[in-house]
Amino acid sequence: MIQAVIFDWAGTTIDYGSRAPIIAFQAAFAAFNIPLEEAVIRQDVGLDKKIHIEKMFADPAIWTAWTAQGHTTDRDAAIDKVYAQFQTSITAILTQTATLKPGMAALAAYLTAKNITMASTSGYTRQMIAQLSPLAAEQGYAPVLNVTSELTDGVGRPDAAMLLKAMQRLHLDNPQEVIKVGDTVNDILEGKNAGVISISVLEGSNLIGLSEAEWLALSPTEQHALKQNARDVFETAGADAVIDTLADLMPLIEIYNQQQAALLLTPGPLTTSLSVKNRMLVDHGTWDDDYKALTQDIRQQLLAVGHADAEQYSTILMQGSGSFGVESVLQTAVPNRKGRGTLLIAINGAYGQRMAEMADHLAIDYLAIDFGETEPANADVILEALTQHPEITHFAMVHCETTTGLLNDLSVIPMLNALGVVTIVDAMSSFGGVPINIDELHVDYLISSANKCIQGVPGFAFVIANRETLMQTAGNATSLSLDLYEQWRSFEDYAGKWRFTSPTHTVYAFHQALHELQQEGGVTARFERYQDNQARLRLGMRALGFDPLLPETLQSPIITSFKYPTPDFDFMAFYRALKDQGFIIYPGKIAAIDSFRIGNIGEVYAGDISRLLTAVASIMDEAPVLAK
Ligand SMILES: *Cc1c(COP(=O)(O)O)cnc(C)c1O
């Protein structure tokens, strides 16, 4: 639950358009006969004011103008002189611009009613804040704590120091329960550096930089264009959400508090970050150039995630769940209209089985090897089948069998490739969470989807395909919408255009999810987190009497199957008890052994696993789940 909102002052809660610092800077420099353009000042607003002056003097034009006036050539002395003048000017102007921005009084009342703490950090000094506070309080906004850089040894934005100091004083230790609201890029950076939810407000912001009267004089089209520009800047800086007015924060807090309700310990859809969910709050058109560019960027980034050479490989996005992606590959890759091919499928769980079912529906000739649900796909057996059946042209297998959590070895893929067999890997639940090197695998088609280890939301699958192989598949598909070749042509020939309506919100969320994968440190870092989660889960559950289904050597870091601790274990009661405590787990998916599954992918960290284990321990203590 959101515990606190930490606001910036000018341009955010008071002083529409952040006029005061601008006027004061202009006045301060004018006192030395140096006229300053507003735009020059606005570049760095939000910084500590002295550092801001230092930055302005770093501009050769300003420094030259300064020395040309015969003022001191000692830079520090110059900064001190202007800063002293700035303080005089701002004192005069502060009280005149201390009006709360529209929506702020209502927001403050809402936060008070919700018991959410209000505090501030600022580029102003303690003395200026002392001047402002009583005026803001009269209008209904009274933060309990105001942190200035005097409390952080002069360290201001974009450093997180002031925000962290505020959190420390307010005893807030979970940054995901803290929102920072500001109106400059430096505010966003401060928030991101502290790991809190960073939100930017557009109207009345420094970034737009207009007084309320100037803003209201604009046409809706002009306002929209200015907002769009500012929104782009904030989003590029990493804002978790961008709101039009302060009043928009209220519904956002309601949404956040609902989102944090239950933790999904499932193999996807999974728990996503707030910033990924936030990307779905804006509607987008599909034939817009920005949207197509975003699609192209996703296609490129996925190649990089999979270490696939962009000359040799191409990404195709396909609407629907992961199975739609698999089915589109099978029916496009294996010719069964013009000439025929034969597909060999290695099966050791429900997803391998599903490929056989698809082949049945598509009337594709196929052979299947069923290794059993707790045995890995064996390369020797696969190669032997190839010798016995020279008619085999294609091969398909699952990387991580989500049915059990078993991780198959992919080393047979390059061997098959060398033998001229077209290879297909369902890496749905592993791609992005387990390192995969497509260039080294020489795989022809690798399939995954938006809602697994990249940590996006459901809505589309993606295929990384070898261009040369793909080129030969024109006309193979028996379905219009699942024709992978035609889908590819559309992306290639029309600069990122999806063929039919695409899940726009999901695509935006996915783009953010890719960004967050990079921020985490890429696939290697994510793999390590998942492995750590899984090891904690496995050890902890074992100590509570739950044995894993698979030996450690076969276990993926994605999802773990646990055997029922006793024959009369009531899984549904266990499930409901965990759900009451905020955890959603998964039933088992295999026939032979009674088991259930716990996933550890998504926005899931060591602390979540220990909370889960505590919950399991308390449920087992009460033992309502052991006897029916
Ligand atoms: C999730 C998953 C799929 C696709 O399932 P959908 O329900 O269609 O998204 C396919 N294969 C594996 C291994 C999976 O984990």
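Just follow the structure's listing: the first ligand is 1, and inside any ligand the first atom is 1. Here the structure is a predicted model, which is why all the values come from computation and not from measurement.
Note on R529 versus D532: no salt bridge recorded, every NZ/NE/NH1/NH2 to OD/OE distance being 4.0 Å or above. Taking 4.0 Å as the cut-off between side-chain N and carboxylate O, R542 and D547 count as a salt-bridged pair.
The line from CH2 of W498 to OG1 of T286 is 10.5 Å long, rounded to the nearest 0.5 Å.
Heavy atoms of C400 approach ligand 1 to within less than 4.0 angstrom. Heavy-atom separations between K452 and ligand 1 include at least one value shorter than 4.0 Å.
Ligand-side atoms of ligand 1 in range of V398: 13 (C), range being under 4.0 angstrom from any heavy atom. Taking every non-hydrogen atom of S429 and a distance limit under 4.0 Å, the qualifying atoms of ligand 1 come out as 15 (O). If you number the atoms of ligand 1 from 1 as listed, the ones under 4.0 Å from a heavy atom of S323 come out as 4 (C), 5 (O), 6 (P), 8 (O).
Scanning the protein for heavy atoms near atom 6 (P) of ligand 1, the closest one is S321 OG, 3.4 Å. In terms of protein heavy-atom proximity, atom 11 (N) of ligand 1 is nearest to D426 OD2, 2.6 Å. The closest protein non-hydrogen atom to atom 15 (O) of ligand 1 is T402 OG1, 2.4 Å. Looking at atom 9 (O) of ligand 1, its nearest protein heavy atom turns out to be G322 N, 3.0 Å.
Centroid-to-centroid, the aromatic rings of F596 and F574 come within less than 6.0 Å.
Closest heavy-atom approach to atom 7 (O) of ligand 1 among the candidates E327, M428, R354: R354.
Within the 4.5 Å cutoff, the side chain of L252 has heavy atoms near those of the N278 side chain. Using a 4.5 Å heavy-atom threshold, the side chains of F527 and T524 count as separate. Put simply, the side chain of D483 reaches to within 4.5 Å of the side chain of R499, judged on heavy atoms.
Using cut-offs of 30° and 60° on the angle between ring planes, the pair F569 and F546 is perpendicular.
Neither the backbone nor the side chain of H399 comes within contact range of ligand 1; no heavy atom lies under 4.0 Å.
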